[in-house]
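Data first, discussion second: the structure below is written as structure tokens.
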Number of protein chains: 2
Amino acid sequence: MISTIDAVLLRILDNQLQVLLWQRPAESEVFASHWALPGGWVYEDTDQTLEEATCRILENKVGLTPDYIEQVVTVGNNHRDPRGWSTTVLHLALIRTSISSITHSDTQWVNVENVLERRLLLPFDHALLLETALERLSTKARYSTLPLYLAEHELKLPELQRIYEIVLGNPLHKRAFRERILSANVLTDTGVRIQGRGSPATIYRYAPSCPVMLFDRMMQGAQTDLSD
Amino acid sequence: MISTIDAVLLRILDNQLQVLLWQRPAESEVFASHWALPGGWVYEDTDQTLEEATCRILENKVGLTPDYIEQVVTVGNNHRDPRGWSTTVLHLALIRTSISSITHSDTQWVNVENVLERRLLLPFDHALLLETALERLSTKARYSTLPLYLAEHELKLPELQRIYEIVLGNPLHKRAFRERILSANVLTDTGVRIQGRGSPATIYRYAPSCPVMLFDRMMQGAQTDLSD
DNA sequence: TCAATAGTGTCTCTAAGACACTATGAA
DNA sequence: TTCATAGTGTCTTAGAGACACTATTGA
């Protein structure tokens with residue numbers, strides 16, 4: 001049995017979700033040189049656990065250490081790989097933009113839209129895997145602080161709201177959003193105020209190791225098109 | 001690599017959650033004749049998908065076809081099986097009591113408490129797997145109609161409330177519970193009223209194939225000890 | 001001065017929680 | 001008649017959604 005690990009590693013750039021793709025080696029038996037989700041085999045001799053294997057693959061093949069990794073689902077069947085029965089453990093990984101750029105040369109960040117709208121075709125069932133991981137992210141964004149892992153350690157609330165809106169695909173109410181996030185008690189006011197185009201914004205900080213906090217209501221988002 | 005599927009199959013009897021255990025063969029290399037979670041290998045020649053393999057294993061080894069099966073997590077590491085690296089895809093399965101009894105002779109239903117309180121020791125990491133599956137069930141019970149799959153197709157609302165309370169481990173408010181469940185529109189009033197000790201209860205019916213409906217608030221349960 | 005941005009005040013609405021109440025029928 | 005059980009009425013509460021408002025500062 002072919003047994004692999006795949007990762008959907010996401011970041012936010014220019015108000016868009018981007019996924020990291022990895023170029024399959026030119027000597028691959030199938031889909032040679034195609035751009036795919038980064039993945040690899042478990043090395044039973046050196047990896048103690050699946051989690052360890054996932055970290056190793058991301059560090060070695062891609063060169064990144066994401067702030068957050070979560071197992072999404074395991075897909076196994078006899079048609080996803082032309083070579084025969086194949087199983088993959090799919091992971092969702094999030095990284096903040098500021099540390100996302102130093103990757104290996106056989107990788108590139110692409111807007112997820114390009115894959116979703118079939119402008120960029122991925123091998124195997126990787127498009128479906130991407131969709132599954134994105135669905136997990138947007139579902140959790142409705143009731144948790146998970147998208148915080150896409151933000152910098154020091155951030156402005158409007159920035160974080162924008163991240164949520166990108167992940168959810170719809171606008172949010174500024175008032176409700178602020179109350180919600182601040183009530184989770186993961187952000188501390190640094191006291192710094194940053195001046196931009198308008199009124200100065202408060203800079204908050206979150207602990208890199210802070211847990212994902214859960215709310216007990218889902219956010220629906222705004223019906224109207226106003227986010228402020 | 002040893003790659004298996006395991007299932008936590010649950011039912012409710014006598015106001016208790018029960019899990020189905022399966023006796024490992026006497027000739028097993030490890031944990032021979034021990035009671036364990038039912039599981040088995042994927043047969044790449046005959047199983048088309050992981051889901052198919054899961055159903056086959058439950059039908060062949062146990063003799064049951066659960067109403068609901070969901071993948072929970074995949075656990076892989078080098079210490080869960082004394083023989084070496086081992087991966088298992090854990091599933092949560094629910095079955096209604098009335099069809100749960102005709103099982104193979106090398107199986108038995110036991111109260112989950114016996115495992116959780118270490119009165120009954122399971123081999124490998126099966127106790128941990130059981131806890132993981134139970135946590136998934138109780139988490140989902142807080143915001144979905146999932147526990148309906150533990151109930152009969154025709155049921156009284158107080159019965160269903162009791163099932164939720166067993167799964168959640170705490171009492172619920174009758175008023176809020178009724179509104180919630182009925183608002184999900186999965187139950188239809190059969191018009192039948194059943195008389196028991198007290199006032200006659202309305203019999204509702206759910207479609208065997210009805211989807212798990214999600215609420216957008218979590219149920220907290222009652223602080224006080226009243227459920228009616 | 002004006003436009004863009006951050007942030008607050010406050011009203012409504014919905015569903016959960018709290019609790020008392022009525023209705024029914026077996027023991 | 002009593003009491004266990006099913007089911008309803010209605011108030012409170014918390015938080016999301018709606019929307020208007022003030023405050024600050026760069027262009």
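Letters A, B, ... mirror the listed sequences (proteins, then strands); counts begin at 1. Because only heavy atoms are used, hydrogens play no part in the values below, and waters and symmetry mates are left out as well, while side chains stay in.
The interatomic distance linking A/K174 (NZ) with C/dA4 (P) rounds to 14 Å, in whole Å. We find that CE of B/M218 is positioned 15 Å from C1' of D/dA14, with the value rounded to whole Å. Here the P atom of nucleotide C/dG7 and the OH atom of A/Y204 are 6 Å apart, to the nearest Å. In this structure, B/R193 places its CZ atom 15 Å from C1' of C/dG25, rounding to the nearest Å. The CD atom of B/Q161 sits 11 Å away from the P atom of C/dG17 (whole-angstrom rounding). The distance between atom CZ of A/F177 and atom P of D/dA16, rounded to the nearest whole Å, is 11 Å. Here the P atom of nucleotide C/dA6 and the CZ atom of A/R162 are 12 Å apart, to the nearest Å. With rounding to whole Å, A/I181 atom CD1 is found 16 Å from C/dA6 atom C1'.
At C/dA3, none of the side-chain N or O atoms of A/R197 fall inside 4.0 Å of OP1 or OP2 (strictly under the cut-off). Put simply, A/T202 has a side-chain N or O that comes within less than 4.0 Å of OP1 or OP2 on C/dG7. Residue A/R175 places none of its side-chain N or O atoms closer than 4.0 Å to OP1 or OP2 of C/dT8. OP1 or OP2 of D/dT25 lies within a sub-4.0 Å distance of a side-chain N or O belonging to A/Q195.
Residue-to-nucleotide proximity on DNA chain C shows that, of A/S199 and B/R217, the 5′-proximal contact is made by A/S199. In terms of position on DNA chain C, the residue among A/L182 and B/R180 whose nearest nucleotide sits closer to the 5' end is A/L182. Of the residues near DNA chain D, B/R178 and A/D216, the one whose nearest nucleotide (by heavy atom distance) lies more toward the 5' end is B/R178.
Interatomic distance, A/C55 SG to A/L50 CG, rounded to the nearest 0.5 Å: 11.0 Å.
Using modelled atom types, one finds a donor on one side chain and an acceptor on the other under 3.5 Å when comparing B/T88 with B/D6. Judged by distance alone, the side chains of A/R178 and A/Q161 never bring a donor and an acceptor atom under 3.5 Å apart.
The closest side-chain heavy-atom distance from B/T87 to B/V75 is not below 4.5 Å.
Closest approach of B/P211 to B/T145, counting heavy atoms only: O-OG1, 4.0 Å. Nearest approach of B/R96 to B/A151, heavy atoms of both residues: CB-O, 3.3 Å.
The listed nucleotides are D/dG7, C/dG17, C/dT24; the one nearest the side chain of B/A176 is C/dG17.
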### Query
What's the verdict on side-chain contact (heavy atoms from CB on, under 4.5 Å) for B/L10 and B/L20, showing C-alpha distance, side-chain angles and the deciding distance?
CA-CA 7 Å; B/L10 302 172; B/L20 189 108; over 6 Å; no
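Scanning residues 136-156 of chain A for heavy-atom distances under 4.0 Å to DNA chain D yields an empty list.
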